[in-house]
Amino acid sequence: MRDSGPSEILLDWYDAHARDLPWRVGPAARKAGIRPDPYRIWLSEVMLQQTTVASVRSYFERFTALWPRVEDLAAAPDAQVMGEWAGLGYYARARNLLKCARAVTSDHGGTFPQTPESLRALPGIGPYTAAAIASIAFDYPAVVVDGNVERVMARLHDDPTPLPAAKPVFTRYAEALTPQERPGDYAQAVMDLGATVCTPRNPSCILCPWQERCAARLARTASTLPRKTPKKPKPVRLGIAYLARREDGAWLLERRPDRGLLGGMLGWPGSEWGDAPEPAPPIDADWQEVGAEARHTFTHFHLRLALRTAVVPVDQVPERGIFVEAGEFRSSDLPTVMRKAFDLAWTQRPD
DNA sequence: AATTCGGGGCC
DNA sequence: GGCCCAGAATT
């Protein structure tokens, strides 16, 4: 066997161990000349931002079935896209997804730009996603740095510098390894390595194709890396949600403003969330307290949401929100905290 | 440079 | 309970 550099060693490992993913063109097919669909790569990469493969799978299948091409997604109604994204989290991604699909369709003739810089100019595409699309979809030798790559680089160099301050250094490590040949397969290979071998806890160093050149394996420090600066504790916020059912079965919901928490999503009208929430019934009714509260943890706070229910006559006009007909309402269109509130108030309890 | 943005699976 | 995840946008 001829002398191989680290990227060739990793590519050999990838040829044998590449995971089968719905958006992936595997190494064998790629060598046979099959190109990935940039639309599917873009969609998967946006869904995968801070989100596990296991969570993304079903959403990816659903989106590509509903909207096979970027032009189809661009033409979709906002409310339908937000509803399909419900439960996946980080809802700014869905809003930017639509902006991006419409920009690609109207400004680029339905074709994704191919360089990291031009991709970076599109909504919802940052440094990582631009590099990932350029390399995977177009075989552009971009330096792809995600959480997996950071972890692998920290361990290869046994570098104790804490993230996020270490990001520029880890990026330089990654730069030095990125090959000109098969950059797309290489990018996916490092991420697969991080996801399946060089895992956050209990890495399988014995299975690692880079074990002989890994400083952390020699030092037995792999499982302690990368270091991260400690996070702030999450405060508790309180709130009240009002779940009104009209006598004909319609539900009183509210479209949340496009910015901020759960932006652009449907939700139950309610109080602000804070230390001492003020009652804010959206319609005059005989509100009943629900015994249980919905508990939910967001990125930076814990929420305890008190619930109120009421049944109101058909001719009554709400002060806030809009009635959604029973036949048009799907609790799966709601973000998880709102779906939890619905389940607690109306399905897990007797009427 | 820090903060804001979700949710699920794992330990 | 906290940690992690194919991060981006905003301040």
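Just so we're on the same page: letters track the sequence lines, and every chain starts at 1. Keep in mind that what you see is a predicted model, and the values were worked out from it rather than measured.
- Within 4.0 Å of A:Gly87, counting heavy atoms only, lie sugar-phosphate atoms of the nucleic acid but no base atom.
- Residue contacts for A:Arg151: at a heavy-atom cut-off of 4.0 Å it reaches the sugar-phosphate backbone alone, with no base atom in range.
- Closest contact between the side chain of A:Arg19 and the listed nucleotides B:dG8, C:dA6, B:dG6 involves C:dA6.
- Using C1' as the reference atom, C:dA9 and B:dG8 are 23 Å apart when rounded to the nearest Å.
- C:dC3 and B:dG6 have their C1' atoms separated by 15 Å, with the value rounded to a whole Å.
- Contact annotation for A:Thr129: backbone-only contact, meaning every heavy-atom pair under 4.0 Å involves sugar-phosphate atoms and none involves a base.
- For the P atom pair drawn from B:dC5 and C:dG1, the interatomic distance equals 22 Å after rounding to whole Å.
- Considering only side-chain N and O atoms, A:Arg259 lies nowhere under 4.0 angstrom from the phosphate OP1 or OP2 of B:dT4.
- Using a cutoff of 4.0 Å between basic side-chain nitrogens and carboxylate oxygens, A:Glu325 and A:Arg246 are scored as salt-bridged.
- Among the nucleotides B:dG6, B:dG8, B:dC10, the one closest to the side chain of A:Arg201 is B:dC10.
- The CD atom of A:Glu8 sits 10.0 Å away from atom CZ of A:Arg182, with the distance rounded to the nearest 0.5 Å.
- Using a 4.0 Å heavy-atom distance criterion, A:Trp23 is classed as a base contact.
- In terms of phosphate contacts, A:Thr52 brings no side-chain nitrogen or oxygen within less than 4.0 Å of OP1 or OP2 of C:dC4.
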- Run the salt bridge (Lys or Arg N to Asp or Glu O under 4.0 Å) check on A:Arg295 and A:Glu293 step by step: do they pass? CA-CA 6 Å; A:Arg295 293 193 173 205; A:Glu293 60 184 7; 3.1 Å; yes

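- Here A:Gln80 contributes atom CD and A:Leu73 contributes atom CG; the two are 9.5 Å apart, rounded to the nearest 0.5 Å.
- Taking side-chain N and O atoms only, A:His300 has a distance below 4.0 Å to OP1 or OP2 of B:dC5.
- Side-chain N/O atoms of A:Thr336 include one lying less than 4.0 angstrom from OP1 or OP2 on B:dG7.
- Between A:Gln49 and C:dG7 there is no side-chain polar atom (N or O) within less than 4.0 angstrom of OP1 or OP2.
- Between C:dC3 and A:Lys231, no contact under 4.0 Å exists linking OP1 or OP2 to a side-chain N or O.
- Candidate nucleotides C:dA6, B:dC5, C:dC4 were compared by shortest atom distance to the side chain of A:Leu261, and B:dC5 ranks first.
- For the pair A:Lys228 and C:dC5, the criterion of a side-chain N or O lying under 4.0 Å from OP1 or OP2 is met.
- Both tests do not hold together for A:Arg245 against A:Trp287: distance to the six-membered ring centre under 6.0 Å, angle to the ring axis within 45°.
- Of the candidates B:dG8, C:dA9, C:dC4, the closest approach to any side-chain atom of A:Arg120 belongs to C:dA9.
- When distances run from any side-chain atom of A:Phe298 to the nucleotides B:dC5, C:dA6, B:dG7, the shortest one goes to B:dG7.
- The side chain of A:Thr299 lies closest to B:dC5 when the candidates are C:dT11, C:dC5, B:dC5.
- Nearest nucleotide to the A:Pro200 side chain, out of C:dC4, C:dT11, B:dG6: C:dC4.
- Place A:Val53 and A:Pro123 on DNA chain C by their nearest nucleotides, and A:Val53 ends up nearer the 5' end.
- Between the OG atom in A:Ser271 and the OH atom in A:Tyr242 there is a gap of 6.5 Å [rounded to 0.5 Å].
- The side chain of A:His296 lies closest to B:dG7 when the candidates are C:dA6, B:dG7, B:dC5.
- Place A:Phe301 and A:Pro164 on DNA chain B by their nearest nucleotides, and A:Pro164 ends up nearer the 5' end.
- Within the 4.0 angstrom heavy-atom criterion, only backbone atoms of the sugar-phosphate kind lie near A:Ile125; the bases stay farther away.
- A salt bridge does not link A:Arg24 with A:Asp20: none of the charged nitrogens is closer than 4.0 Å to a carboxylate oxygen.
- Across all strands shown, A:Leu21 has heavy atoms under 4.0 Å from base atoms, whether or not it also approaches the sugar-phosphate.
- For A:Tyr90, counting side-chain heavy atoms from C-beta on, the closest listed nucleotide (B:dG6, B:dG8, C:dA8) is B:dG6.
- For A:Glu45, counting side-chain heavy atoms from C-beta on, the closest listed nucleotide (B:dG8, C:dA6, C:dC5) is C:dA6.
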